[in-house]
Asks: 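Below you'll find the structure I mean.
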Amino acid sequence: MLREDLRNIAIIAHVDHGKTTLVDEMLKQGGSFRENQVVAERVMDSGDLERERGITILAKNTATYYNGVKINIVDTPGHADFGGEVERVLKMVNGVLLLVDSFEGPMPQTRFVLQKALELNHRVIIVVNKMDRPDARLNEVGDEVLELLLELDATDEQLDSPIIYCSGREGTATMDPNRKGTDLKPLFDTILDYIPAPEGDPDGPLQMLVSSIDYNDYVGRIAVGRIERGTIKTGQEVSLCDYHVEDLCTNGRVTAIYQYDGLKRVAVEEAKAGDIVAFSGLENVNIGNTVCAPYEFEPIPFVKISEPTVEMTF
Ligand code: GDP
């Protein structure tokens, strides 16, 4: 089933190219959870409130809404890594925003992450940011990004990526480098049109690859990932297994499920295939584990160790 009410994207950006500013503006201009009751009903007893307060600061991912569609925005490590973190994070999404400063152009540090996104066949939206800079080189930087995509063996479709010119600071976006935008609508529209909606059977047996782990004093270990198949419910029993660790199969109970809302997490009763969630209750959970329906062990493989290319080791 296609989740037309959802888009999952990651942002690839060199430090200082304006990711934080742009995401803040997307949160401001997009709606929030309260106006968009498209996700499961909110659970708000005092226990949840307490838990929520405790884990808000851990949120690395965010979500905003546009035209009734929830857009999960996942943070990527902005550099090469040795532990497969980049792949795991990128596997949660269906497309990326490649954010590039309009003067500096693409930087070598983001090459590795971009390469991984291309290998996963993700669609790319090129965002030339800070277009308000007096020294902006809008057309040249657009060309430099396309050259980089060529070097990284992008597919024809990826080479045909849309280019949006933005000023995160001014909260504007435009498809036309010669004309300033008035708001971020062109960016939101392109995300909805160009990035595929996630797919997955909400009625099948639960399956979720754990992409990252957080920890919090109130609730212990928190597993973060995208639900591949099925539905996860608070209080539900689940099994844990691992494609690469043969003897791992334990059971546990989901104590709380959180989704992203702006910069916070909100507790929800349930979440289904396509959703990116964080949940507590499994004390032994590790990155790379698969969460399954009870005793329906179907581990998802993932690339464990990724070696950065030589040029990235500086
Ligand atoms: P991040 O490191 O990628 O998250 O970048 P930030 O959002 O923190 O921005 C880095 C610097 O660039 C800050 O000094 C911002 O004020 C500045 N900046 C961010 N967006 C824009 C923009 O659209 N135009 C201009 N001129 N400066 C910007």
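Side-chain atoms are counted along with the backbone in the values below, which use heavy atoms only and exclude waters and symmetry mates.
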Asks: Check whether M107 and V15 end up in the same hydrophobic cluster, where Ile, Leu, Val, Met, Phe, Trp and Tyr are linked by side-chain heavy atoms less than 4.5 Å apart.
Replies: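 No, it is not one cluster - the side chains of M107 and V15 are not joined through contacts under 4.5 Å.
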
Asks: Please list, chain by chain and in numerical order, all residues satisfying ring-ring contact (aromatic ring centres under 6.0 Å, His included) with F188, sequence neighbours excluded.
Replies: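 Y66.
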
Asks: Could you check whether any side-chain heavy atom of T174 comes within less than 4.5 Å of a side-chain heavy atom of M131, counting everything from C-beta outward?
Replies: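 They are in contact (side-chain heavy atoms under 4.5 Å apart), so the answer is yes.
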
Asks: Under the side-chain hydrogen bond (donor to acceptor under 3.5 Å, both in side chains) criterion, do S167 and T172 qualify, and how do the steps go?
Replies: CA-CA 5 Å; S167 166; T172 59; 4.6 Å; no

Asks: Step through the shown structure and confirm whether more than 12 heavy atoms of other residues, nucleotides or ligands are within 6.0 Å of OH on Y194.
Replies: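 Counting other residues, nucleotides and ligands, OH of Y194 exceeds 12 neighbours.
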
Asks: Side-chain contact test, heavy atoms from C-beta onward, threshold under 4.5 Å: evaluate it for N72 versus L6 and give yes or no.
Replies: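 Side chain of N72 against side chain of L6, heavy atoms only: contact under 4.5 Å found.
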
Asks: Specify the closest pair of heavy atoms between D135 and F103, including all atoms of both residues, with the distance to one decimal.
Replies: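 Nearest heavy atoms, D135 then F103: O-CD1, 3.2 Å.
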
Asks: Mark yes or no for whether S102, through its side chain, and N129, through its backbone, hold a donor-acceptor pair below 3.5 Å.
Replies: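 Answer holds: yes.
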
Asks: Decide whether V291 and F297 are clustered together by the hydrophobic rule: side chain heavy atoms of Ile, Leu, Val, Met, Phe, Trp, Tyr closer than 4.5 Å, transitively.
Replies: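 They do not share one cluster, since no chain of ILVMFWY contacts under 4.5 Å joins V291 to F297.
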
Asks: Between V268 and Q259, which heavy-atom pair has the shortest distance, and what is it?
Replies: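 Looks like CG2-CG, 3.9 Å.
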
Asks: Side-chain contact test, heavy atoms from C-beta onward, threshold under 4.5 Å: evaluate it for I195 versus L97 and give yes or no.
Replies: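 The answer is no; the side chains never approach within 4.5 Å.
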
Asks: So does P299 get a backbone contact from the side chain of T290, meaning a donor-acceptor N/O pair under 3.5 Å?
Replies: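 Side chain of T290 to backbone of P299, a donor-acceptor pair under 3.5 Å: no, none is there.
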
Asks: With the side chain counted from C-beta on, respond yes when T64 and T62 share a heavy-atom pair under 4.5 Å apart, and no when they do not.
Replies: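 When only atoms from C-beta onward are counted, T62 and T64 do not touch, as no gap falls below 4.5 Å.
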
Asks: Restricting to non-hydrogen atoms, name the atom on R226 and the atom on N8 that form the minimum distance, rounded to 0.1 Å.
Replies: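 The answer is CD-ND2, 3.7 Å.
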
Asks: Do M175 and I164 make a side-chain contact, defined as non-hydrogen atoms from C-beta onward lying under 4.5 Å apart?
Replies: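 The answer is yes; the side chains approach within 4.5 Å.
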
Asks: Salt bridge or not between D275 and R3? Use side-chain N to carboxylate O under 4.0 Å.
Replies: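 A salt bridge is present here (some side-chain N lies under 4.0 Å from a carboxylate O).
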
Asks: Apply side chain to side chain contact (heavy atoms under 4.5 Å, CB included) to the pair L184 and L22, showing each step before the final yes or no.
Replies: CA-CA 9 Å; L184 288 179; L22 182 68; 4.1 Å; yes

Asks: Run the side chain to side chain contact (heavy atoms under 4.5 Å, CB included) check on L209 and E228 step by step: do they pass?
Replies: CA-CA 7 Å; L209 178 67; E228 199 69 28; 5.6 Å; no

Asks: Kindly determine whether T155 and Q158 satisfy side-chain hydrogen bond (donor to acceptor under 3.5 Å, both in side chains), including the steps that lead there.
Replies: CA-CA 5 Å; T155 60; Q158 288 164 336; 3.3 Å; yes

Asks: Without swapping roles, check the side chain of T110 against the backbone of I12 for a donor-acceptor pair under 3.5 Å.
Replies: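 Here the side-chain-to-backbone pair does not exist.
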
Asks: Between S161 (side chain) and I126 (backbone), is there a donor-acceptor pair under 3.5 Å?
Replies: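 Checked: no pair found.
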
Asks: How far apart are the closest heavy atoms of K272 and T231, and which atoms are they?
Replies: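 Between these two residues, the closest heavy atoms are CB-OG1, 3.6 Å.
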
Asks: For the CD1 atom of I257 and the CD1 atom of I232, what is their distance to the nearest 0.5 Å?
Replies: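 If I round to the nearest 0.5 Å, the distance is 5.0 Å.
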
Asks: Is there a path from L150 to V96 through hydrophobic residues (I, L, V, M, F, W, Y) whose side chains come within less than 4.5 Å of each other?
Replies: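 Yes, because L150 and V96 connect within a single hydrophobic cluster, where side-chain heavy atoms sit under 4.5 Å apart.
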
Asks: Can you give me the closest heavy-atom contact between V224 and A278, atom names plus distance?
Replies: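 Scanning both residues completely, I find the closest heavy atoms to be CG2-CB, 4.0 Å.
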
Asks: For R229 and G200, indicate whether the former's side chain and the latter's backbone hold a donor-acceptor pair under 3.5 Å.
Replies: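 Absent.
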
Asks: Would M92 and Y243 show up in the same hydrophobic cluster when neighbours are defined by side-chain heavy atoms closer than 4.5 Å?
Replies: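 Different clusters: M92 never reaches Y243 through Ile, Leu, Val, Met, Phe, Trp or Tyr contacts under 4.5 Å.
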
Asks: Do L2 and V69 sit in the same hydrophobic cluster, where Ile, Leu, Val, Met, Phe, Trp and Tyr count as joined when their side-chain heavy atoms come under 4.5 Å apart?
Replies: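 No: no chain of side-chain contacts under 4.5 Å links L2 to V69.
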
Asks: Please check if the side chain of Q29 supplies one atom and the backbone of G171 the other of a donor-acceptor pair under 3.5 Å.
Replies: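 Such a contact is found between Q29 side chain and G171 backbone.
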
Asks: Donor-acceptor pair, distance only, cut-off 3.5 Å: does the side chain of K70 make one with the backbone of Y260?
Replies: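 Yes, the answer is positive, given that a donor and an acceptor are paired below the 3.5 Å cut-off.
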
Asks: Looking at every heavy atom in both P196 and R123, which two are closest together, and how far apart are they?
Replies: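 Nearest heavy atoms, P196 then R123: CD-CD, 4.2 Å.
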
Asks: Under a 4.5 Å cut-off applied to non-hydrogen side-chain atoms, are D153 and L118 in contact?
Replies: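 The answer is no; the side chains never approach within 4.5 Å.
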
Asks: Side chain to side chain contact (heavy atoms under 4.5 Å, CB included) for I71 and I73? Distances and angles first, verdict last.
Replies: CA-CA 6 Å; I71 304 169; I73 305 169; 4.1 Å; yes

Asks: Just by modelled atom types, is the V219 backbone N or O under 3.5 Å from a matching donor or acceptor in the S280 side chain?
Replies: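 Looks like no, no N/O pair under 3.5 Å.
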
Asks: Applying salt bridge (charged side-chain N to carboxylate O under 4.0 Å, His left out), can you list everything that pairs with R221, at least two apart in sequence or on another chain?
Replies: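 Listed in chain order: nothing, the list is empty.
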
Asks: Salt bridge or not between K130 and D101? Use side-chain N to carboxylate O under 4.0 Å.
Replies: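 So K130 pairs with D101 through a salt bridge.
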
Asks: When E104 is tested against each of R137, H17, R133 for side-chain hydrogen bond (donor to acceptor under 3.5 Å, both in side chains), which residue passes?
Replies: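 That would be H17.
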
